[in-house]
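Along the sequence shown, residues are numbered consecutively beginning with 1.
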Amino acid sequence: MHEITIVGGGVAGLALAARLDSRRFRVTLHEQRTQLPTVGTSLMMWPRAQEALAAVGILGAVSAASPALAVGSLRSAAGEPWLMVPARGTIAVSRPELIRLLESAVPDSVRRETSRFESVSPEGPGVLIGADGVGSVVRRSVWGESTRARLTPYMAVRGVVPGRLWADHSGEYWGRGDLFGIGPAAGGTNWYASFHSGFRPELEPDGIDVERVLELARVRFAGHARAIREVLVTADTERTLAQRIWTTPPLTGYVRGRVALVGDAAHAMTPNLGRGACEALIDAVTLADQLNSRPVDVALRAYGRQRLLRTQALRLGSAAMMRLALAGRLQPARDLALRTAGGRRRKSPPPSN
């Protein structure tokens, strides 16, 4: 049997541990988290991610936990609808629920270790998988310090509030240097926001103060649509997360020797395309299926070839979408273009059968 060590028990690490063939591999999963998360935003699961969930064996449970997804919209900061965004073919799941379901899919044969690494060595026995997120110790140790995560000047705030505010106000609202999203959640209304907060260390000398960030958000969005203001009035620190947006620098490969990267460790991207968790799941299942069916070294190389170009393209696409969504000086031109595009689409005759 082959030894596989997975560093990181998030979406990618758990999915990989759940999918690997326990008859062929002895798997050890290292995770510094001591308990399951209780707060998190809803994650859209696109069709290929749903295929990965099916491979892991939890698609039915995820679908059952998904709120009803209606057609959303892209709106101005004041709430004027520009474009309708269909939700057909997608489901959603809260990150805590997804982690819980992935945990349930991991077989008892997987050895669990609660540990935190400051560095790792690629010279150890077996295969080492870095599933340890944007700040990956595995990536820095094996690919070098030049691959440290990059800090953007944007804050991400997200949470859930009670009630069905999403029913009439679903969509993403783009302002000047900020965006706000409202959508359904299993337990109420899911919301998320990003805004240009600059590099302000006074916000976080001892870590990010969620209440302080919520107050900043309330001030920032005070002139925006009524629905946004209602969400932020209701939001509380117990059901809100706040963090800086970090990204992974471009990589030319996800495999070195018998070390591989998956998920955010390989290609952490801004959240603007909603693909981070999806691609982490696809990475994990792709790598597991290769390892389950081919010699280890061949499988690792095949995984790298399959996943590199697509995920790097999505990383670039997400960054471009962030620049558009959080436009500052060019915001009036962007709004005019979207308003015009939306008007043309509404006037277009329906396609003939």
Side-chain angles (χ1 to χ4, degrees), residues 10-11 14-15 36-75 79 81 83-105 156-174 179-194 214 217 221 224-243 271-282 325:
V11 170
L14 289 171
L36 293 178
T38 58
V39 180
T41 193
S42 288
L43 303 170
M44 295 290 288
M45 296 285 108
W46 297 90
R48 286 197 65 198
Q50 292 177 46
E51 293 173 7
L53 291 171
V56 174
I58 62 171
L59 177 59
V62 170
S63 297
S66 175
L69 296 182
V71 174
S73 60
L74 181 59
R75 304 170 182 253
L83 297 169
M84 302 307 293
V85 183
R88 184 169 50 252
T90 60
I91 58 177
V93 61
S94 73
R95 188 176 185 279
E97 181 67 4
L98 178 60
I99 293 294
R100 185 187 71 79
L101 291 171
L102 287 170
E103 284 273 5
S104 72
V157 197
R158 60 197 76 182
V160 175
V161 295
R164 289 173 52 86
L165 185 65
W166 61 267
D168 296 318
H169 304 284
S170 285
E172 204 162 87
Y173 300 70
W174 288 5
L179 68 83
F180 201 98
I182 296 175
T189 294
N190 178 66
W191 68 274
Y192 56 92
S194 295
L214 268 176
F221 293 97
H224 288 48
R226 177 177 58 84
I228 296 175
R229 300 197 302 272
E230 290 182 9
V231 165
L232 290 173
V233 165
T234 309
D236 60 53
T237 57
E238 298 301 314
R239 291 173 293 183
T240 301
L241 292 175
Q243 57 192 138
N272 301 85
L273 290 181
R275 300 303 289 261
C278 292
E279 299 308 315
L281 286 165
I282 298 168

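The CD atom of Q50 sits 6.0 Å away from atom OG of S63, with the distance rounded to the nearest 0.5 Å. The CZ atom of R48 lies 7.0 Å from the CD atom of E279; values are rounded to the nearest 0.5 Å. Atom CD of E51 sits about 11.5 Å away from atom SG of C278, to the nearest 0.5 Å. Atom CG of N190 sits about 11.5 Å away from atom CG of L165, to the nearest 0.5 Å.
Counting only heavy atoms from C-beta outward, the side chains of I99 and V11 approach each other to under 4.5 Å. Annotation: side chain of L53 is not in contact with side chain of V93 (no heavy-atom distance under 4.5 Å).
S66 places no side-chain N or O within donor-acceptor distance of the main-chain N or O of V62, the cut-off being under 3.5 Å. A donor-acceptor contact shorter than 3.5 Å links the side chain of T189 to the backbone of G163.
With respect to W191, the side chain to side chain contact (heavy atoms under 4.5 Å, CB included) criterion is satisfied by exactly one of L232, I228, T41: L232.
Between F221 and F180, the angle of the ring planes goes over 60°, which puts this pair in the perpendicular group of the 30/60° scheme.
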* To do: Begin from the C-alpha positions of L14 and V56 and carry the test side-chain contact (heavy atoms from CB on, under 4.5 Å) through to its verdict.
  => CA-CA 10 Å; L14 289 171; V56 174; over 6 Å; no
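Applying the ring-ring contact (aromatic ring centres under 6.0 Å, His included) test to H169 and every residue at least two apart in sequence or in another chain returns nothing. With sequence neighbours excluded, the residues that form a side chain to side chain donor-acceptor pair (under 3.5 Å) with S73 are R75.
Among residue pairs with one or both ends in residues 89-103, those qualifying as side chain to side chain donor-acceptor pair (under 3.5 Å) are R33-E103, E97-R100, E103-R112; sequence neighbours excluded.
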